[in-house]
There are 2 protein chains.
Amino acid sequence: MTSMNSPELGTRARNENVILEAAEHVFACHGYRGASVQAIAEAAGLPKSNVLYYVGSKRKLYVALLERMMSRWNAMLDDISEDDDPGEVLEGFIRSKMRLTQRHPQGSRLFAAEVLQGAPFLQEYLHGELREWVRARARVFEHWADKGLMDPVDPVWLIFLIWSATQHYADFEAQILGITDKTALGESEYRSVTEFLCHVILKGCGVRSAARVGPSRDRQAIQSKETI
Amino acid sequence: MTSMNSPELGTRARNENVILEAAEHVFACHGYRGASVQAIAEAAGLPKSNVLYYVGSKRKLYVALLERMMSRWNAMLDDISEDDDPGEVLEGFIRSKMRLTQRHPQGSRLFAAEVLQGAPFLQEYLHGELREWVRARARVFEHWADKGLMDPVDPVWLIFLIWSATQHYADFEAQILGITDKTALGESEYRSVTEFLCHVILKGCGVRSAARVGPSRDRQAIQSKETI
DNA sequence: GTCTATAGTGAGATAGAC
DNA sequence: GTCTATCTCACTATAGAC
């Protein structure tokens, strides 16, 4: 039992945090196999063996990071109903996904690397929870199309479009920086891209943009999920 | 000198082909560091040391694969002028990129893994050739917007949207298969996705679809509800 | 020209010192 | 509870046998 852990964390808690951040970076860059405990330790500024002391094993560390990322992801996925406004829902969808990418680019890349190698640690999640979530959304989109509120596009492809277009700014950051000749993606780029995606995707699906009279209300509501 | 090399390739040519295919798979899955020559050799069905005999080193093998992929990529990038039809150009752009993804998913994933680790082998290409190509296209898109042929969207974001939306079906194949409960993406899925993307992106940018028999044909193609 | 045996390095993990 | 010294194994690469 640590008697004092706030605001000063104990050695363990402090080191574990440092290790998690360092490991997220290294795993994101090089994937599970390509990441070495040595490299993680160097990024964390700790002796290699201390890393293994704190986290147990490379595998446990990786799983912990994946779980942390999936909980961020899940926190983003609110439920919707067919009574909701398509424009508001799609915009909120794009905005929250983009915010996830912006706030956790390392975690997003970690996820990408995991999927790239065939998602061996996420099979259950993809085939279960996430699949059902997508199906539920897809049904709502189809209802909207039946009611003439949007074009009859394939709802699953639409979800993948939003995921890919936003995810891209984490996974392909190196390419984007090279082409745009920047050294980092800042708030202004993320704002600009988000507006662009909202415009193209909503219009492209034949959805009226969410009422611009009170966008501030939506914005606030969306942004209140500060924990993400 | 090999006296007979057609139609039967010599041992070297045959083995090199096998190695390239195997290596593309392994590098795509695990990235440069995560890939081991051992794993490549097993995938190729050859003794580990033979692989090194044929290709020289792990690094040379990786570079050769990247170059092969970049030449495929470059072969896809035709020039355009402001006199061209925006709908035709954008559709051709989407279709050819999607075809690249479909024909070379391993290569696409290899490229993704390279960019994910910060594109250390592609810095020159990204900052040079590719950057100029994007700038040239962007200027044409802006001319079209000035002439009222499309919405005044950011042309660079538009290019990234097309790249990301198509690339996704290689890089995140494992996620897509998990969610849609399929074991592989076939011709019909790729056709369906391509029609969807053409519809949404062109319409979303305010571009008239390239001349077709009729709009009914597009709708039919778009709406294949058998996705999930 | 093709392949095997082996060297040399760096990996993940742990027993035990502080 | 925290960290160091060390073990074992898998990796890339090569020298030399066929």
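In what follows, every chain begins at residue 1, and chains take the letters A, B, ... in the order their sequences are listed. The structure displayed is predicted, hence computed values, not measured ones.
- Residues from residues 61-69 of chain B lying near DNA chain D, meaning a heavy-atom separation below 4.0 Å, are absent.
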Nucleotide by nucleotide, 5' to 3', does protein get under 4.0 Å of the base (B), only the sugar-phosphate (S), or neither (-) in nucleotides 4-18 of chain D, counting heavy atoms?
BB-----SBBB----
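- Centroid-to-centroid, the aromatic rings of Trp157(A) and Tyr169(B) come within less than 6.0 Å.
- Taking atom CD1 of residue Ile19(B) and atom P of nucleotide dT2(C), one finds them 11 Å apart after rounding to whole Å.
- Among residues two or more places apart in sequence or in another chain, the side chain to side chain donor-acceptor pair (under 3.5 Å) test is passed with Glu16(B) by Arg12(B).
- Not counting sequence neighbours, Glu67(A) has no partner by the salt bridge (Lys or Arg N to Asp or Glu O under 4.0 Å) test.
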Show me, pair by pair, the donor-acceptor contacts under 3.5 angstrom made by side chains of residues 22-47 of chain B, not counting sequence neighbours?
unit_1, atom_1, unit_2, atom_2, d
Glu24(B), OE1, Arg68(B), NH2, 3.3
Glu24(B), OE2, Arg68(B), NH2, 3.3
Glu24(B), OE2, Arg72(B), NH1, 3.3
His25(B), ND1, Gln106(B), NE2, 3.2
Ser36(B), OG, Ala39(B), N, 3.0
Gln38(B), NE2, Glu42(B), OE2, 3.2

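- With 3.5 Å as the limit, one finds a donor-acceptor pair spanning the side chains of Asn74(A) and Tyr125(A).
- Arg191(A) and Glu195(A) are not joined by a salt bridge, as no carboxylate oxygen comes within less than 4.0 angstrom of a charged side-chain nitrogen.
- Among residues at least two apart or in separate chains, salt bridge (charged side-chain N to carboxylate O under 4.0 Å, His left out) pairs with a member in residues 96-112 of chain B are Arg109(B)-Glu173(B).
- For the OP1/OP2 pair of dC3(D) and a distance below 4.0 Å, the side-chain nitrogens and oxygens of Asn15(A) include at least one atom meeting the criterion.
- Of the side-chain N and O atoms in Arg12(A), none sit less than 4.0 angstrom from OP1 or OP2 of dG1(D).
- No more than 12 heavy-atom neighbours from other residues, nucleotides or ligands sit within 6.0 angstrom of CD on Glu124(B).
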